[in-house]
Structure formats: C-alpha cells, structure tokens
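Atoms within a ligand are numbered from 1 in the order they appear, just like the ligands themselves. Values below: every heavy atom of this structure, side chains too, minus hydrogens, waters and symmetry copies. Predicted model only: the values in this text are computed from it and were never measured.
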Amino acid sequence: MTNPDSRKIRLILDLRRGGVTNTRVLGAMERVPRELFIPDAFKDKAYENVALPIGHHQTVSQPLVVARMTEALKLGDRMKVLEIGTGSGYQAAVLAHLCRRLYSIERVAPLLKQAEARFSRLKLTNITSMTGDGSRGWPEQAPFERIIVTAAAADVPPVLVDQLAIGGIMVVPIGQDDHDQHLIQVRRTEEGVETMDMGKVRFVPMVEGIRAT
Ligand code: SAH
C-alpha cells in the first residue's frame, strides 16, 4: 500500500488542479489527517477526492468541496467562525487551523460525540461544539465574522444572516432538491446581502430539531 503521505500530497495536487490556490487553505488541509475522521470500512479511501459515509445517513464532503468552501470564507486568523453541521468534524478541524475560535453545531448527538473525541485527540482546543438545531444559529455567541453551513438549506437562512457581522461572509449550499443545489457565498453589507453563485454541489439537507441517538 502507498504510504499516507504520498497519497496526501497527491490529494493536495488534485485540489490545486481543482482551482484552489490559497496556500493557507492547502496547508491546513495538509495538516489534518482525514483518515481519523473516516469509519474503518472506508479508511483506504481517506485521501481520495470523494465524499464518504460517516454513519447516520450523513457524509463527509469531498475534499475539493471542503477546500473550495474554506477558501471562499477568506478566513483571518483572528476571526470567530460558526459552522452548522459538524458531522465527522473534518471540515471543523480544517477551519480550526485558520481562525481564532470555531463554534460548531450538530443535530445528531452521537456524531458530535465522535467528532469531539477527534478534536481532543488532535488537541484542537479552539473548537467549541454543541448538539443543537443549527438552523437557529448560536445567538449567545453572535455575531460571527464567518459562517459556514455544511447541509443544504432551502434558502439563505435569515436567522444566520442576522448572526453574521456586517462585512462578514457566509458560505451555504442552497436548494433542497438533490439535483439542483448551488453553493452560495453571501456577504453581509450595511444595506443587506450580496450573493455569488459558486456552482453546483450536493449536500444532505438541513433538518430542523435535534436527534439524541
Ligand atoms: N462538515 C461535515 C459534513 C457533515 S454532513 C464534515 O466535515 O464531516 C452535514 C451534517 O449536517 C450532518 O452531520 C447532519 O446531521 C448535520 N445537520 C443537518 N441539519 C442540521 C441542523 N439543523 N443543525 C445542525 N446540524 C445539522
């Protein structure tokens, strides 16, 4: 079997070829061991550029999508960031290398528990996470300079726009029909929002309420 390092280098080259040029983003993706976030049955595919199942009918996104979303956030290392949909914790781990503090919300309690164990193992101490309904955001901690939503919403969620600082950026997949989802970059301005379509994607839907088991 090829060693993980050479597979990882190949993946980083794939991301560059896919149009991701930000060296901080590529550096963060190089530092996070994706195999730790993948169930045993799929570990051999950890450095392939594919989405993989993580249980509970959820998936960890394809690395290129993680990289493009992270790049579109234009993160600064002093920023306070909110993620909706912790899932495996992989996207969160990448973000944690690029911002001051990450708040992450997951509705499926057992997924969050596993993600939190990974954060401790990797000593990612700047992540605060909770089980909850991310469609309500995290009002006690708002405003956030950046928000990333990793489950598809029907429309740009007004509640989350309210929790975004003026000048802030949110990246969110929009469209609950599996075959017609677009990644949208939203900028909050003094007057309202400006949006940019980043192209087609495929995410699991954002679901309201929490699940304990
Ligand atoms: N960022 C994740 C991708 C997870 S897939 C990763 O890197 O692995 C999307 C996740 O969003 C799922 O785990 C799903 O349970 C969660 N989710 C869906 N609706 C949600 C909601 N309303 N609040 C919080 N999490 C939600």
Exercise. Below 4.0 Å from any atom of ligand 1, is there a heavy atom belonging to A115?
Worked result: no
Exercise. Is there a heavy atom in E83 that sits closer than 4.0 Å to ligand 1?
Worked result: yes
For this session: Starting from atom 22 (N) of ligand 1, find the nearest protein heavy-atom neighbour and note its residue, name and distance.
Result: V207 O, 2.6 Å
Problem set entry | Min N/O separation M206 to ligand 1 under 3.5 Å | no
Problem set entry | Ion pair K8/D5, N-O distance below 4.0 Å | no
Exercise. For G134 and ligand 1, does the shortest N/O to N/O distance drop below 3.5 Å?
Worked result: yes
Problem set entry | Residue pair R101 / T128, side-chain donor-acceptor N/O under 3.5 Å | yes
Problem set entry | atom 20 (C) of ligand 1: the protein heavy-atom neighbour that sits closest, reported with distance to 0.1 Å | R107 CD, 3.5 Å
Exercise. Which of these passes side-chain contact (heavy atoms from CB on, under 4.5 Å) with E106: L111, D133, I84?
Worked result: L111
For this session: For I105, take its heavy atoms, then give the atoms of ligand 1 lying under 4.0 Å from any of them.
Result: 24 (C), 25 (N)
For this session: Would you mind listing which atoms of ligand 1 come within a distance below 4.0 Å of any non-hydrogen atom of P205?
Result: 18 (C)
For this session: Check whether any side-chain heavy atom of L82 sits under 4.5 Å from a side-chain heavy atom of I105, and report yes or no.
Result: yes
Exercise. Is the shortest N/O to N/O distance between T59 and ligand 1 below 3.5 Å?
Worked result: no
For this session: List the steps and the verdict of side-chain hydrogen bond (donor to acceptor under 3.5 Å, both in side chains) for T86 and S104.
Result: CA-CA 6 Å; T86 319; S104 187; 2.8 Å; yes
Exercise. At a 4.0 Å threshold, what atoms of ligand 1 neighbour a non-hydrogen atom of V108?
Worked result: 15 (O)
Exercise. Take atom NZ in K200; do more than 12 heavy atoms of anything else shown fall under 6.0 Å from it?
Worked result: yes
For this session: Check whether any side-chain heavy atom of N49 sits under 4.5 Å from a side-chain heavy atom of Q62, and report yes or no.
Result: yes
Exercise. Quick check: does E208 get an N/O under 3.5 Å from an N/O on ligand 1?
Worked result: no
For this session: Please indicate whether any nitrogen or oxygen in E106 is less than 3.5 Å from any nitrogen or oxygen in ligand 1.
Result: yes
For this session: Report the nearest protein non-hydrogen atom to atom 12 (C) of ligand 1: residue, atom name, distance rounded to 0.1 Å.
Result: Q58 OE1, 3.2 Å
Exercise. For ligand 1, does T86 get within less than 4.0 Å through its side chain, its backbone, both, or neither, judged by non-hydrogen atoms?
Worked result: backbone
Problem set entry | Test item: R118 and Y90 side chains (from C-beta on) under 4.5 Å apart, heavy atoms | no
Problem set entry | Which residue and heavy atom of the protein sit nearest atom 9 (C) of ligand 1, plus the separation | T150 O, 3.3 Å
Exercise. Judged by non-hydrogen atoms, does A92 sit under 4.0 Å from ligand 1?
Worked result: no
Problem set entry | Heteroatom proximity flag, L111 to ligand 1, N/O under 3.5 Å | no
Exercise. What atoms of ligand 1 come closer than 4.0 angstrom to any heavy atom of V204?
Worked result: 5 (S), 9 (C)
Problem set entry | Note, M79 side chain near R100 side chain (heavy atom, < 4.5 Å) | no
Exercise. Which heavy atom of the protein is the closest neighbour of atom 11 (O) of ligand 1, given with residue, atom name and distance?
Worked result: G85 CA, 3.3 Å
Problem set entry | Minimum side-chain heavy-atom gap Q91-E83 below 4.5 Å | yes
Exercise. Around atom CZ of R24, are there more than 12 heavy atoms of other residues, nucleotides or ligands at under 6.0 Å?
Worked result: yes
For this session: Number the atoms of ligand 1 from 1 as they appear, then name those within less than 4.0 Å of a heavy atom of S135, with their elements.
Result: 22 (N)
Problem set entry | CZ/R136: more than 12 non-hydrogen atoms of other groups inside 6.0 Å | no
For this session: Report, in ascending order of atom number, the atoms of ligand 1 lying under 4.0 Å from any heavy atom of G132.
Result: 23 (N), 24 (C)
For this session: Go through the steps for R211 and H56 under the test side-chain hydrogen bond (donor to acceptor under 3.5 Å, both in side chains), then give the verdict.
Result: CA-CA 10 Å; R211 216 174 82 187; H56 304 270; 3.1 Å; yes
For this session: Report yes if the side chains of K74 and R187 come closer than 4.5 Å at any heavy-atom pair, otherwise no.
Result: yes
Problem set entry | Proximal candidate to atom 7 (O) of ligand 1 [heavy atom criterion; set Q91, H57, R34] | Q91
For this session: Provide, to 0.1 Å, the distance between atom 8 (O) of ligand 1 and the closest protein heavy atom, together with that atom's residue and name.
Result: S88 OG, 2.7 Å
